[in-house]
Amino acid sequence: AALEAFIRARDAAPVVSAFAALVRGQDRPGAYPYEALRHLSGSGRRAERLWTLLDDKRSHREGHRAAARPQRCVVVGGGPVGLRQAIELRLLGHEVTVVEKRITCSRINRVHIWEWCMKDIVSLGAKIFLPGVGSNPDFCHIGIGELQVVLLKAALLLGVRVAFGASVCDVVHVSGTWAVSLDRPVAGPAPWRQSQAGCTELQWVGALVPADVLCCAEGARGSLLPRLQRHCPGGQHRLQVRAPTLGLVVNLQNLNTETERRLKQLSWARQFNAGLFRRIEDATGVALENIVYYRGPHTHYYVCTPSLPSLIKCGVRTPGTGQTNDVKLRGIARKLADFIGIPAECPFLPGQVAATLFDFTTTCRAPCSAFFLRDDAAKEPMLVCAAGDVLLEPFWPEGLGIVRGFLGALDAASTVHLWASGGGPAAAREALALANACSAYRKLKMLAAKTRDQVLKPDKDFDLLPDSRYR
């Protein structure tokens, strides 16, 4: 029953609670918590498939794990990329703590998943935790919250510690070693942590967590990495500026009627289907450059790029001030939903997630993906790695967020591995790790839908080291 509750749980708190019940009293030896759960009676076939998947994932990193000195790693950001990075570091035998300022996995926007990413999450139990995921190969997508829950479950089973409702406020050194100090986000909830043993703790604010490695996987506007990058030879975050570019994200409730089940999902750019976009403009008064519509289990989700002049003409955007008329924005969102074929009975979801206009005229890019923090009082430098949107913010229409995030997570894990492996001089290991990070980041920045065959090798060969993934 406890295992079934864990598999069925759909948000952070229920997952953590079910995991705590699952491992309570389990004191069998093993490198990972899931190993102690094999003997549970009545586990069933799903559990056996899950243990086999985790065994396979573990076996692929066996040789790398044996070569490395275990490091204390803190991953900042418990989104999909941060959790994927934590899983990889844990598979390599490191001690991993994830720090996440939110306390829920409630983000409902849906993201495009490349085929390799889907294979990767399936290998971590996605089809067991979320039956039906990836069932439509033509439109491969998943809710951000759904993806977080899948990865959170795999991370806990592998022994990752996760702190929800806390944030890293500083990096310090204490008694010759590095540590991160934690604080509660402004106006945030009470923090809580799921430890490897399964207990819930409330003494999280003000804690110092020893760390040899700091992995930044915050959102695109995360503050920690830019703050630390004064130590990076490449300097500060850089902004890429485009012509004014706005995105409209809309979420409506899926009532799961027969009409809704027959709706066709779509993903188009104006340059490939000009006739469709002329019809949209005739029906709604809004000129679009891109539109994507995904049907999720509980939501209808679409995102599009309306032109600024058409929004001004419709009264949605005020010229000069940039203010948005929310009532008229919802009116446009409803007209677009009607054009897609979403029934009028399907209500907007409550709150800001219903219809949101966002500006991605500028995107951020970090100057480097890894560097070392040094202090005379510390015995060794601290390795800082980055992955995800804080490293390389995606331009939304390209749909690159998850694939570049997952590849960046593997790149960062390989950098940690090279730094932690071998017994040579520290300077040589530092140089090797930074060269690995620099080479991988240079190739990652080149990745786009139209360049994937030039940048990436066949995914069946993907392994820890970047040379197995990049051409």
Side-chain angles (χ1 to χ4, degrees), residues 107-112 141 144 219-221 237-253 263-295 299-365 389 393-401 448-449:
R107 288 183 283 175
I108 61 174
N109 288 347
R110 305 192 73 78
V111 289
H112 173 60
H141 57 87
I144 297 175
R221 297 299 187 265
H237 261 52
R238 298 166 186 165
L239 291 178
Q240 290 185 303
V241 183
R242 301 176 178 83
T245 311
L246 299 174
L248 172 61
V249 175
V250 178
N251 287 280
L252 300 102
Q253 184 178 349
L263 280 177
K264 292 183 178 180
Q265 301 180 93
L266 58 90
S267 178
W268 283 107
R270 178 181 284 272
Q271 66 190 90
F272 299 117
N273 195 340
L276 170 67
F277 286 86
R278 281 194 298 269
R279 294 196 301 275
I280 291 175
E281 187 168 0
D282 290 342
T284 67
V286 178
L288 304 180
E289 291 299 322
N290 306 78
I291 185 167
V292 172
Y293 161 63
Y294 293 145
R295 186 179 66 253
T299 62
H300 296 285
Y301 165 84
Y302 71 84
V303 58
C304 56
T305 51
S307 74
L308 181 57
S310 67
L311 289 177
I312 293 174
K313 184 177 178 180
C314 293
V316 172
R317 197 81 162 185
T318 303
T321 66
Q323 290 183 327
T324 299
N325 184 316
D326 291 332
V327 173
K328 291 187 176 181
L329 178 64
R330 283 204 176 203
I332 291 297
R334 185 74 257 180
K335 287 181 180 180
L336 286 166
D338 293 341
F339 183 90
I340 291 169
I342 301 171
E345 294 77 19
C346 296
F348 287 110
L349 293 187
Q352 291 184 332
V353 296
T356 306
L357 202 60
F358 64 96
D359 189 333
F360 55 101
T361 300
T362 59
T363 53
C364 290
R365 174 176 291 194
D389 290 0
E393 184 179 5
F395 179 55
W396 166 76
E398 296 176 338
L400 297 172

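Here, residue 1 is the first one in the sequence, and each next residue gets the next number. Only this structure's heavy atoms are used, side chains among them; waters, hydrogens and symmetry mates stay out.
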Do the non-hydrogen side-chain atoms of [X] and [Y] ever get within less than 4.5 Å of each other?
{"X": "Leu248", "Y": "Leu288", "value": "no"}
{"X": "Phe358", "Y": "Val249", "value": "yes"}
{"X": "Gln253", "Y": "Leu349", "value": "yes"}
{"X": "Cys346", "Y": "His300", "value": "yes"}
{"X": "Val292", "Y": "Asn290", "value": "no"}

Listing request: all side-chain hydrogen bond (donor to acceptor under 3.5 Å, both in side chains) pairs with a residue in residues 316-326, at least two apart in sequence or in separate chains.
Arg317-Thr324
For the backbone of Leu263 and the side chain of Arg295, can you confirm whether one donor and one acceptor N or O come within less than 3.5 Å of each other?
yes
Is Thr245 reaching over with its side chain to a backbone N or O of Phe360, donor-acceptor style, under 3.5 angstrom?
no
At their closest point, which heavy atom of [X] faces which heavy atom of [Y], and how far apart are they?
{"X": "Pro394", "Y": "Asp389", "result": "CD-OD1, 3.3 Å"}
{"X": "Gly399", "Y": "His112", "result": "O-CD2, 3.8 Å"}
{"X": "Tyr293", "Y": "Lys264", "result": "CD2-O, 3.5 Å"}
{"X": "Phe339", "Y": "Ala283", "result": "CD1-CB, 3.9 Å"}
{"X": "Leu311", "Y": "Pro306", "result": "CD1-CG, 3.8 Å"}
{"X": "Cys314", "Y": "Lys328", "result": "O-CD, 3.7 Å"}

Between [atom1] of [X] and [atom2] of [Y], what distance do you get to the nearest 0.5 Å?
{"X": "Tyr294", "Y": "Asn251", "atom1": "OH", "atom2": "CG", "answer": "13.5 Å"}
{"X": "Leu266", "Y": "Ile291", "atom1": "CG", "atom2": "CD1", "answer": "5.5 Å"}
{"X": "Cys364", "Y": "Arg221", "atom1": "SG", "atom2": "CZ", "answer": "4.0 Å"}
{"X": "Thr284", "Y": "Leu336", "atom1": "OG1", "atom2": "CG", "answer": "5.0 Å"}
{"X": "Leu252", "Y": "Arg334", "atom1": "CG", "atom2": "CZ", "answer": "5.5 Å"}
{"X": "Ile332", "Y": "Cys304", "atom1": "CD1", "atom2": "SG", "answer": "10.0 Å"}

Would Leu308 and Leu246 satisfy side-chain contact (heavy atoms from CB on, under 4.5 Å), going step by step from the backbone distance to the final call?
CA-CA 7 Å; Leu308 181 57; Leu246 299 174; 3.8 Å; yes
Test of understanding: with ring pair (Phe, Tyr, Trp, His ring centres under 6.0 Å), list the residues that count as partners of Phe348, not counting sequence neighbours.
none
